[in-house]
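Keep in mind that this is a model prediction, so the values were computed, not measured.
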Amino acid sequence: MIYGLYQSAQGAEARQFQLDVVANNLANAGANGFKRSLAVFAEFPPYDPDHQIPGDPGHNLNEHSGGMGVVGTLTDFSQGPLQETGGRFDLAITGPGFFVVSDAEGDYLTRGGSFALDPSGQLVTADHGLQVKSVQGRPINISADAVNVSVSADGSVIETSSENTSSVVGQMALAVPDDFNTVEHLGENLYQARSTSPPGPDTRIRQGYLEGSGTNPVVETVQMIEASRAFEANLNMIRFQEEALGRLLQSAGGR
Amino acid sequence: MSLRALHSAGTGMNAYSFNLDVIANNLANASTTAFKKSRTNFEDLYYEHIKPPGAPDQQGLPAPIGIEVGLGTRVAGTEGDFTQGSLRQTTQQLDLAITGDGFFRVQDPTGIDLYTRAGTFTVNANGDVVLGTADVSRLLADGLNIPQDALDLTISGDGVVAVRTAGNNQLQQVGNIELTRFINPQGLLRVGENLFQETDASGQAQQGIPGQDGLGTLKQGFLEDSNVEPVRELVDLIKSQRNFELNTQVVQAADQLLQLVANIRRF
C-alpha cells in the first residue's frame, strides 16, 4: 500500500511538470518563431522495490511497483503561421530549417526572423545583435548607401544602389538539424543542435513576413485542464490511501 | 514551494500587458504627422535542462530525448517600423514630406541635433525656418533664412529653396535643405515630439542632397501621415488580450494545484 502513495505522488509530480511546460508554451504565444514543447510520460517497468533491482519484477503482486514519470520533453517543430509585416528585414522560413546566427561563443539556430542592421551595416538579430551567417560562414554586410535590400527565397541578400544596380552581397545560411530530438532550447529564441545539414529545396525564405508562435491555445488549454484534473485525481488517491492506512492502524491499535 | 507554471504565466501576463502599452501608443498616434509605429518582439526565457538527451534512463539505456522546461517569456525589444507613411496634401508652402529614407536635421535650443520626418516648418520673426512641432523653436540645422519681402517660396525635390520677391519675377535661391539617413534607423532614440536622436546603435548620420543615395526627395505642400494601420493594431490588440487571458488561466490552474496540496491533510 505504501508504494501506492509514492506512485500517486509521482503521478502528481509529472502532471505538475506538464503544467509547467504548458505555462511556458502559453507565455510564449506571442514570441516569433517559438516552438511549443510537449512533456512525454512513460510508465516505468515493474520492478521489485523491496530488493531494488531494476528490471526484475517481483515474484508476487505485492512486490510489483512501477509508477510513471516524465521521460522527456519533445519540441513540436512544425511550421508556425506566417504574419505579414512588410518589414525589409523581417524574414520567415517556410519548411524545415533555421537561420544560423552567432556570437563570440558559437553558432545558434533560430526561426525568430526579425533582423536589423548594426551600425557597421552587418545583418544581425534585432533583439540581441547576433550576427547572421552566410553560407560561407561570413557575416552579411549591406553598403551604407544601399537604397533597397531584398532577400530571395533561397536566402540571397540583394542590395540595390542609388544608381539602380543590384548586387548579391551574400546568401544566408540555413541549417536543418540531423536529429530534431536532441535539439536543445537555449531561450531567447535560440536553439543548439549537435550536427546540421543544409536544407532541401522545400525550405524557402519569405521577406516581409514573420513566423508566429507555434503555440496552439486550444491544445494547450486542453492539456492544462487535463494536467490539473489528473493532478487532483492523484492527490485524491494520496488522501484515500492515507485514510485507508490510518484506518488499518486504528483497527490494529484497537486490539 | 513554488510552481514554475505560476511564474511562467506571470512573465506572460507582464509581457502582454507591455505589448498593450505599445499598441495603445501606436493607436494614440494614428494621426500624428510622420509617426513611426513600434512593434514588440517577444522571446522565450532561460530553459531549465533537467536531463540532457542521451542520459541513462531507468534501465540504464540512453534516452533519445532530454527533459527541459522553459521559464516563460519576456519582451526582447521594441522595434520601430520606418516604412513610408502616405502623403497628405496641405496648403502650406513650408510643409515638407520625404519620400524615401531620409530625416530632416533640426537643432534643439541646447545645440543637440535631432532628426524628424514631420516636416511642419514655419518661419519665425527673424525669418529663420523652424520646426513647428512645439512651443520651443527648433531651427533647421543647416540654417535657412527667408527674406522678409519674399512672396513665393518654392522648394524643389532635391532641396533647393528659392523665393520670388516683390517687383522681381526672377526666382532667387536662398538656401538648401539637406537630408540625413541612418543605416539602422531602428537604433534611433525616440525623444517624443516626433523627434529622434542619434545613438551608437543607429550608426552615424549620413548627410546628403535629397534624391541621392536613397535619401528620398522632398515634396513641398505635403505632409507624411502616420504609418499606423488601425486594423492591424486592433488585430494585435485582440491577440495580446487573449494571450494575457490564457496566462491568467494558467495562474488559476497553478493556484488550484497549490490549493489542493495545501488541503491534502484536511479531513
Could you tell me which non-hydrogen atom of [X] sits nearest to which non-hydrogen atom of [Y], and how far apart they are?
{"X": "Gly72(A)", "Y": "Ile67(B)", "value": "CA-CG1, 3.4 Å"}
{"X": "Ala116(A)", "Y": "Asn184(B)", "value": "CB-OD1, 4.2 Å"}
{"X": "Asn263(B)", "Y": "Arg239(A)", "value": "O-NH2, 3.4 Å"}

Measure from the side-chain N and O atoms of His185(A) to the backbone N and O of Val69(B), and report whether any donor-acceptor pair falls under 3.5 Å.
->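 Not at all, since once roles are kept as given, no pair shorter than 3.5 Å links the two residues.
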Is there a donor-acceptor contact under 3.5 Å from the side chain of Ser228(A) to the main chain of Ala254(B)?
-> no
Could you go through the side chain to side chain contact (heavy atoms under 4.5 Å, CB included) check for Asn189(A) and Asp44(B) one step at a time?
-> CA-CA 6 Å; Asn189(A) 278 346; Asp44(B) 41 5; 3.5 Å; yes
Does any heavy atom of chain A fall under 4.5 Å from the side chain of [X], the backbone, both, or neither of them?
{"X": "Asp200(B)", "result": "backbone"}
{"X": "Asp213(B)", "result": "both"}
{"X": "Arg74(B)", "result": "side chain"}
{"X": "Leu45(B)", "result": "backbone"}
{"X": "Tyr16(B)", "result": "side chain"}
{"X": "Leu71(B)", "result": "backbone"}
{"X": "Leu6(B)", "result": "neither"}
{"X": "Ala76(B)", "result": "both"}
{"X": "Gln249(B)", "result": "both"}

Heavy-atom pairs under 4.5 Å with chain B - which of [options] has more of them than the others?
{"options": "Asp20(A), Asn236(A), Asp127(A)", "result": "Asp20(A)"}
{"options": "Leu19(A), Leu74(A), Asn148(A)", "result": "Leu19(A)"}
{"options": "Ala146(A), Gly87(A), Ala42(A), Ala12(A)", "result": "Ala146(A)"}
{"options": "Gly187(A), Ala27(A), Ala23(A)", "result": "Ala27(A)"}
{"options": "Asn181(A), Val147(A), Asn28(A), Val22(A)", "result": "Asn28(A)"}

Is the shortest heavy-atom distance from the side chain of [X] to the side chain of [Y] under 4.5 Å?
{"X": "Phe17(A)", "Y": "Ile50(B)", "result": "yes"}
{"X": "Glu68(B)", "Y": "Thr75(A)", "result": "yes"}
{"X": "Arg232(B)", "Y": "Glu84(A)", "result": "yes"}

For the pair Arg4(B) and Gln16(A), evaluate side chain to side chain contact (heavy atoms under 4.5 Å, CB included) and give the outcome as yes or no after the intermediate values.
-> CA-CA 9 Å; Arg4(B) 294 184 194 97; Gln16(A) 185 191 316; 5.6 Å; no
Pair Glu79(B), Ser114(A): side-chain N/O donor-acceptor within cut-off below 3.5 Å =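 Side-chain D/A pair, Glu79(B) to Ser114(A): present.
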Interface moiety of [X] toward chain B, non-hydrogen atoms closer than 4.5 Å:
{"X": "Val71(A)", "result": "backbone"}
{"X": "Arg88(A)", "result": "side chain"}
{"X": "Thr221(A)", "result": "side chain"}
{"X": "Leu235(A)", "result": "both"}
{"X": "Ile142(A)", "result": "backbone"}
{"X": "Glu184(A)", "result": "both"}
{"X": "Ala126(A)", "result": "side chain"}
{"X": "Thr85(A)", "result": "both"}

In terms of heavy-atom pairs under 4.5 Å, which option from Gly77(B), Ala63(B), Gly66(B) contacts chain A the most?
-> Gly66(B)
Under the side chain to side chain contact (heavy atoms under 4.5 Å, CB included) rule, what do Asp90(A) and Arg39(B) come out as? Steps first, then yes or no, please.
-> CA-CA 12 Å; Asp90(A) 286 343; Arg39(B) 177 180 81 203; 2.6 Å; yes
What distance separates Leu246(B) CG from Met224(A) CE, expressed to the nearest 0.5 Å?
-> 7.5 Å
